[in-house]
2 protein chains.
Amino acid sequence: MKSQMLKGILEGCILKLIEKETLYGYDIIVRLKEFNLSMVSEGSIYPLLHKLQKAGYITGRRVKSAEGPMRKYYKITDEGKNYLDEFQLHWRELDGAVNQIFEEEYDDNPAQKRI
Amino acid sequence: MKSQMLKGILEGCILKLIEKETLYGYDIIVRLKEFNLSMVSEGSIYPLLHKLQKAGYITGRRVKSAEGPMRKYYKITDEGKNYLDEFQLHWRELDGAVNQIFEEEYDDNPAQKRI
DNA sequence: CTCACTACCTTGCTTTACAAGTTATTAAAT
DNA sequence: ATTTAATAACTTGTAAAGCAAGGTAGTGAG
């Protein structure tokens, strides 16, 4: 997947993941990779998490881990939920517009092409 | 629509529009607005067209117009078509990933939630 | 003791997008 | 004749986004 396609969208995705369940940064990276967003790396995620926290969309708290250094768990705020709703609307608009532009023709029977 | 969601995607969209038919910059802006990509403006489009031309993905030629100054019509190249195919693959991946993350639960009957 | 995995963070760079301006042509309105 | 509006292309300066490449540190296995 190309990286420069992600601008702005990554923010919404990690906010959505945090909305579903409280997560820490490293875990978010692992999960995004599971969703085939393979290009996301720590240099993208951690600064974004700090930005979201500064904006008041998430809150973080440090928790000791038995398997490594301390984890910083993030939780979404009410403001964050509002922002996420907005993002979702914008994403749907963008998604619809781009898919409309790239819409395929029905080549197997052009005469009966659907409208 | 929010503007910062567009990074990278705008490029693919205008390349696709040029693939469908030879277009000039001003017309591309009008068409993108018709697709509800209302935030696109000249400051985004013209530099992008120059970048695409420099990369060899499109070629431009100036044509006189009866309704105003000269138009610069752009046509996609074979290289541009290859690049567009790549873009389309990447877009589908991104689209699938994001929609999976934002997938709604089937609240009306959680017990029979689809897999 | 070293290696690998986990976990967080920062610096510096490139790319992207866009607001706000400029210039110029045509046609309609004043 | 002059202003206005629409058309059409372009540039400058700025902000934002993403990421590679580094660093630091804890845990556990070999």
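With rounding to whole Å, A/L49 atom CG is found 14 Å from C/dA7 atom P. With rounding to whole Å, B/Y24 atom OH is found 14 Å from D/dC10 atom P. One atom, CD of B/E11, and another, C1' of C/dT16, lie 10 Å apart when rounded to the nearest Å. If you take CD of A/E67 and P of C/dT6, they are 9 Å apart, rounded to a whole angstrom. In this structure, CG of A/D27 is placed 17 Å from P of C/dC5, rounded to the nearest angstrom. Protein atom NZ of A/K33 is 13 Å distant from nucleotide atom C1' of C/dA7, rounded to whole Å. In this structure, A/I45 atom CD1 and C/dA7 atom C1' are separated by 14 Å, rounded to whole Å. Computed from coordinates, the A/K64 NZ to D/dA25 P distance equals 17 Å when rounded to whole Å.
With distances taken from any side-chain atom of A/P69 to the nucleotides D/dT7, C/dT6, C/dC9, the minimum falls on C/dT6. Picking from D/dT7, D/dC10, C/dT6 the nucleotide with the shortest atom distance to the side chain of B/R71 gives D/dT7. Distances were taken from every side-chain heavy atom of A/K51 (C-beta onward) to each of C/dT16, D/dA17, D/dA8; the shortest belongs to D/dA17. Nearest nucleotide to the A/Y74 side chain, out of D/dG18, C/dC9, D/dT7: C/dC9. Closest to the side chain of B/L10, from the set D/dA8, C/dC8, C/dA17, is C/dA17. Of the candidate nucleotides C/dT10, C/dC9, C/dA19, C/dA19 has the atom lying nearest to any side-chain atom of B/S41.
Regarding contacts with the backbone of D/dT7, a side-chain N or O of B/Y26 is found under 4.0 angstrom from either OP1 or OP2. Note on A/R62: every side-chain N or O is 4.0 Å or more away from OP1 and OP2 of D/dA25. Residue B/S44 places no side-chain N or O under 4.0 Å from the OP1 or OP2 atom of C/dA17. For D/dT11, neither phosphate oxygen OP1 nor OP2 lies less than 4.0 angstrom from any side-chain nitrogen or oxygen of B/Y46. An OP1 or OP2 oxygen of C/dC9 is reached within less than 4.0 angstrom by a side-chain nitrogen or oxygen of A/K72.
Nucleotides of DNA chain C nearest to B/S65 and A/H50 differ in position, and the one nearer the 5' end is that of A/H50. A residue-by-residue look at A/M70 and A/L48 shows that A/L48 has its nearest nucleotide of DNA chain D further toward the 5' end.
Side-chain contact check for B/Q88 and B/Y83: no donor-acceptor pair (N or O, by modelled atom type) lies under 3.5 Å. If you check the side chains of B/D95 and B/N99, you find a donor sitting under 3.5 Å from an acceptor.
The backbone N or O of B/Y57 sits less than 3.5 Å from a side-chain atom of B/T77, completing a donor-acceptor pair.
Only one option out of B/I14, B/I9, B/L32 pairs with A/I101 in a side-chain contact (heavy atoms from CB on, under 4.5 Å); it is B/L32.
A salt bridge between B/E21 and B/R31 is present, with a side-chain N of the basic residue lying under 4.0 Å from a carboxylate O of the acidic one.
With ring centers used as reference points, B/F102 lies under 6.0 Å from A/F87.
Within 3.5 Å, no donor on the side chain of B/E42 pairs with an acceptor on the base of D/dA8, nor the reverse.
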